Protein chains: 4
Amino acid sequence: MYSFKNDYSEGAHPRIIEALIKCNMEQSEGYGEDIFTARAIKLIKEKIRREDVDVHLLVGGTQTNLTALSAFLRPHEAVIAADTGHVLVHETGAIEATGHKVISVDVEDGKLTRKNIEAVIEEHTDEHMVKPKLVYISNSTEIGTIYKREEVEALSEVCKKHDLYLYVDGARLGSALCSNENNMKIYELAQLVDAFYIGGTKGGALIGEALVICRDTLKKDFRYHIKQKGALLAKGRILGIQFEELFKDNLYFDLATHANNMAQILKKGIVDAGYSFMINSSSNQVFPILPNKLINSLEKKYLFLIWEKIDKENSAIRLVTSWATNEEKVLEFIADVKLYN
Amino acid sequence: MYSFKNDYSEGAHPRIIEALIKCNMEQSEGYGEDIFTARAIKLIKEKIRREDVDVHLLVGGTQTNLTALSAFLRPHEAVIAADTGHVLVHETGAIEATGHKVISVDVEDGKLTRKNIEAVIEEHTDEHMVKPKLVYISNSTEIGTIYKREEVEALSEVCKKHDLYLYVDGARLGSALCSNENNMKIYELAQLVDAFYIGGTKGGALIGEALVICRDTLKKDFRYHIKQKGALLAKGRILGIQFEELFKDNLYFDLATHANNMAQILKKGIVDAGYSFMINSSSNQVFPILPNKLINSLEKKYLFLIWEKIDKENSAIRLVTSWATNEEKVLEFIADVKLYN
Amino acid sequence: MYSFKNDYSEGAHPRIIEALIKCNMEQSEGYGEDIFTARAIKLIKEKIRREDVDVHLLVGGTQTNLTALSAFLRPHEAVIAADTGHVLVHETGAIEATGHKVISVDVEDGKLTRKNIEAVIEEHTDEHMVKPKLVYISNSTEIGTIYKREEVEALSEVCKKHDLYLYVDGARLGSALCSNENNMKIYELAQLVDAFYIGGTKGGALIGEALVICRDTLKKDFRYHIKQKGALLAKGRILGIQFEELFKDNLYFDLATHANNMAQILKKGIVDAGYSFMINSSSNQVFPILPNKLINSLEKKYLFLIWEKIDKENSAIRLVTSWATNEEKVLEFIADVKLYN
Amino acid sequence: MYSFKNDYSEGAHPRIIEALIKCNMEQSEGYGEDIFTARAIKLIKEKIRREDVDVHLLVGGTQTNLTALSAFLRPHEAVIAADTGHVLVHETGAIEATGHKVISVDVEDGKLTRKNIEAVIEEHTDEHMVKPKLVYISNSTEIGTIYKREEVEALSEVCKKHDLYLYVDGARLGSALCSNENNMKIYELAQLVDAFYIGGTKGGALIGEALVICRDTLKKDFRYHIKQKGALLAKGRILGIQFEELFKDNLYFDLATHANNMAQILKKGIVDAGYSFMINSSSNQVFPILPNKLINSLEKKYLFLIWEKIDKENSAIRLVTSWATNEEKVLEFIADVKLYN
């Protein structure tokens, strides 16, 4: 069985493992005050071309979201998210558990627009309702779509206008930024948003997400929040070592590019076989609509999620690729799809 | 500079690293539903001789404490802890952040007794006060002391009597159970308490703590809580791989024994040099009282914490050893202490 | 200006005021342990024909909801509510502030059905999502509709099947139960649900809501929660005095009947004048659709809310009546509407 | 039985009741936006000689404390309180339930000093511990002592120095300010602290506390917090009506003076009878140390709390007086004490 189920089925990229081995017996400070973390942060700041941001290395995506959002918001302030947003759907109420409502916005493509934000603002008129304060977007989104620069610019503008924070869940940021559809550099993103995180777990690391806080007022005392939420690792070094390796050259983006390439080969192959897609995605997730019979047959050799029923005879499935995806297996999968015809 | 500052200055024991490498490119399920985790849990259950417990692998100590305690308690229920307790002092209010008061009990040696618990119960008389519900102890404690079996039995009894949960923070459980003063087996502990965790981070792993839930009523839906608190790793496998390695033979306890041995060599050497200790500890932390001048001189070669001022000319320092502590450095340290005389 | 804006514009029914005066200088126990409260609870239990319930008197609706729901639920458990639900829309995230997500269900008439609940249950499949646990309904609803007995029975059944709690926000319970459309007695309701509250604030009292907990497992330690949420009045007697007066005969229901009658006169008058309604409601709230010009003219003499824009020239307004509504003013209002034609 | 058990055994002062009756059928806006509340706030601002403060009327003391403190603090910030502090002892963990630790300081007389604050600040060194941010004092304290102006000035200074908020729980503020030991005017207090509340429940009202927010940065969006915590009354008018009556002349202070006078008569009588006191208090609470036999005999005619055991034969009891205390009963009590000799 080969898995296209997610982008965290394997361990870490070999270079990451080597980096961990290399300094394994070297002593360092605890709690992220080690030199590896310092160097990783320096490299990230260079990549995003901002010296004035704060960068913190955390362990996982839900943890990063809940730590950041609960630190940024006052008790009555709420989050705005697309109805597909990870914080809304797949974090077991982690944000609500810190006291904040997440306002759901119905969208088709996983993406929020200026108009969505303005509608929410208009509806929330007084102190009998929560106060919308932070716009949460995922890039790439949970259904593989990406935000173009002009779309983030529009959100940034509407957020400034209404004094909202703009936050990007970048669990798959590498894939978004390396998509052939993308026209935004990471340093441009860092100019447009108040905070974002660069996903390591799905980007080649064992674990780790790098949270970048761009807005000055959100920086204060952030390490207190990391500690309070159980996210401050005694051996914070292992996050530093990994992010140093990912960002000391282009490794982070190279791995994302590989993932995207594998997804695009899948996509093209499936198109060639005559099938369409639930959504047009250009990142490392593709959602082909296939006959249930074909799906049943593929399930004997491959692992993947059945995303949703389309009609009686067809369903959309989710195929996810990663830095570790084997091209041979991709070609084999396509061959198996074509064989069915 | 050689560090005796803590037990998390290095990476992981080489066998752990090897285990991670070995299966690195193997695909597995996410979120702790992988075979490594399953095998690790099986091994832990064997070690504690209970098939009926639930074992969950989490990332760090504060995270494990806050996830467990907030899952176990209803909103009005409180924790009882010694005034040195980690949850009380060094977790940035993590437990309070989940809504629960931690009641502090003044003690001398870091340990709670039956009498302490009964005093707290007596004081909390009605619904105008919180309801004490969970007794939190650390073994070994934050100041290196350990609980003997009869002490845990006494606590277990008083907890049963008053319908309290007994919870053990085992960040340094290996060191406690391998102390030459100890008379309690891990499987005996597992009979006496409602939940405890086996510390990996300070016990040879890169990260990871194994929470064992013994009481049936505390087990339900626990994975929801792990996820909600941001503690469910996508690559949960890395916790499984490490705990499998630690528990597939006696590695976990061998490493703790090494740490303890190094501490006892330190202790004996310092005694020989004519100094006394702030507290009599038999685990991997020792707290010698040294002249400030000697401390200043040691600080040029070694890293350690100055724990507290004893009088004008003397202070207690904390020396921590670990699985990674180098015996040569220990001997060198003693020589340096003796040299001063 | 005469107000149809809400049902809390005046003080309390004269009998309530008299009751407060009568015992004003009498000394009593604090915190709801007084004899007035004891008698009120006894009367309520008689009215609902259950001796085995727990009754607590609290101050306001949002307070009652947040105290009850946070006491009933474990951290990962969520509330299901109609999209119009008060907890969802108009309580400033009070439930989320206690850590719980409120799942919104789109409905047309303010009411949840068995089908709605089952759809939510089906969607929430595992520990990556919150666990739906409590069904929140308002009776009458926020838009004036009421639940018939068979509808509550259906909800009760589906809740039992999926081990959910069924909770009724009865801020306007009197009006619901006295509606000419209603076919459910208060003692029947008390057999079908796990907890509900009987609204006093909108039912003739100065303040006060009587929470009835029917399910045994939800009763334990409830006074701790009341105290913790700031809802335990030192002079709890003032709640007891009021509810004793409301329930010592039929006063509570008589007042609700008056409110409903006034609303039905309004409704009939507006129908006679040729207008229709946004929703067909049989309680003390009516939502006529009127020409904007007429609305403008009515606004010079009356206070009411403009509920929503219907089309370019018409809007729905909300008219609310209460125990205090003056029939003359109602007739005057109708005359003013008719005059416009 | 006559009760000296607390200062909330009766209803409200007759003038308050009359005020409630007088406007009972008058219609007004809901949620504290009525004219009674507006007038009450105006009067309070005049009394404290500050136009620039925000005043909010809430229902009870615990509610006011939890609403204010949770609104003022970020998640990692903690409260400093004397070990007798109401928030620490008698609010069922209400502050912790909003996520914040309350740091306990051992004191003898219920009062915090500059030195206490500095010791706490010194101990809390980094992000592994909570960040002390708000100093909570009660005036009068829970054991009847009061803060003199110079004491509050010293606290104010140390708070400014360390960027802490100074908050006064004024459940019995009237009694403190009318004590014959007091040398601070209410308008002086309002210059020294960041927020305080003026207790109505124990000061002659049925219910109600007036929170005064002096520091600009703490004012924003406060009504959201009131609503979220369930403290925004639909009939907010009943708070306004009461506070208007209390502050339209000197009623509030006259009632406190009566309470204090009654306490001082008790005190003098007991001194004359040859007994001493647990603490020297000048407000409406006195704590005589009496022989257990005398206590037993008094318990047949009077209600009061036995505060603590002093030795085998003597205990301290608490006697509380109020605006409603009957002088005849006070004299009778003294006579009964003297009779015993």
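The figures that follow rest on heavy atoms only: side chains count, while hydrogens, waters and symmetry mates do not. Keep in mind that what you see is a predicted model, and the values were worked out from it rather than measured. So that the names make sense, note that chain A is the first sequence line, chain B the second, and so on, each numbered from 1.
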Student: Would you mind checking which part of C:Ile226 comes under 4.5 Å of any heavy atom in chain B, side chain (CB onward), backbone (N, CA, C, O), both or neither?
Tutor: neither

Student: I'd like to know if B:Lys227 pairs up with C:Glu127 as an ion pair, taking the criterion as any Lys NZ or Arg NE/NH1/NH2 lying under 4.0 Å from an Asp or Glu carboxylate oxygen.
Tutor: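 No, B:Lys227 and C:Glu127 are not salt-bridged.
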
Student: Considering only heavy atoms, which portion of C:Tyr31 lies under 4.5 Å from any heavy atom of chain B: side chain, backbone, both, or neither?
Tutor: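 The side chain, not the backbone.
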
Student: So which part of C:Lys101 gets closer than 4.5 Å to some heavy atom of chain B, the side chain, the backbone, both or neither?
Tutor: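 Nothing of C:Lys101, per the 4.5 Å heavy-atom cut-off to chain B.
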
Student: Answer yes when B:Lys161 and B:Glu157 have at least one side-chain N-carboxylate O distance shorter than 4.0 Å, and no when they do not.
Tutor: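 Result for this pair is no, no salt bridge flagged.
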
Student: Can you spot which of B:His124, B:His76, B:His128 makes a ring-ring contact (aromatic ring centres under 6.0 Å, His included) with C:Tyr224?
Tutor: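 Going through B:His124, B:His76, B:His128 one by one, the ring-ring contact (aromatic ring centres under 6.0 Å, His included) with C:Tyr224 is satisfied by B:His76 alone.
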
Student: Just so I understand: if I count every heavy-atom pair under 4.5 Å between each of C:Ser70, C:Gly99, C:Pro75 and chain B, which residue has the most?
Tutor: C:Pro75

Student: Taking the side chain as every heavy atom from C-beta outward, state whether B:Tyr136 and B:Asn65 have any atom pair closer than 4.5 Å.
Tutor: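 A side-chain contact under 4.5 Å exists here.
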
Student: Say whether, by atom type as modelled, one donor and one acceptor occur between the side chain of C:Arg74 and the main chain of B:Ala71 under 3.5 angstrom.
Tutor: yes

Student: Check whether B:Leu73 gets within reach of chain C through its side chain, its backbone, both or neither, counting any heavy atom under 4.5 Å.
Tutor: neither

Student: Quick check on C:Arg223 against chain B: is it the side chain, the backbone, both or neither that has a heavy atom closer than 4.5 Å?
Tutor: both

Student: Can you tell which of B:His225, B:Met129, B:Glu77 has the highest number of heavy-atom pairs within less than 4.5 Å of chain C?
Tutor: B:His225

Student: Contact between B:Leu66 and B:Glu91 at the side-chain level, heavy atoms closer than 4.5 Å - yes or no?
Tutor: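 In short, these two side chains do not touch, never coming nearer than 4.5 Å.
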
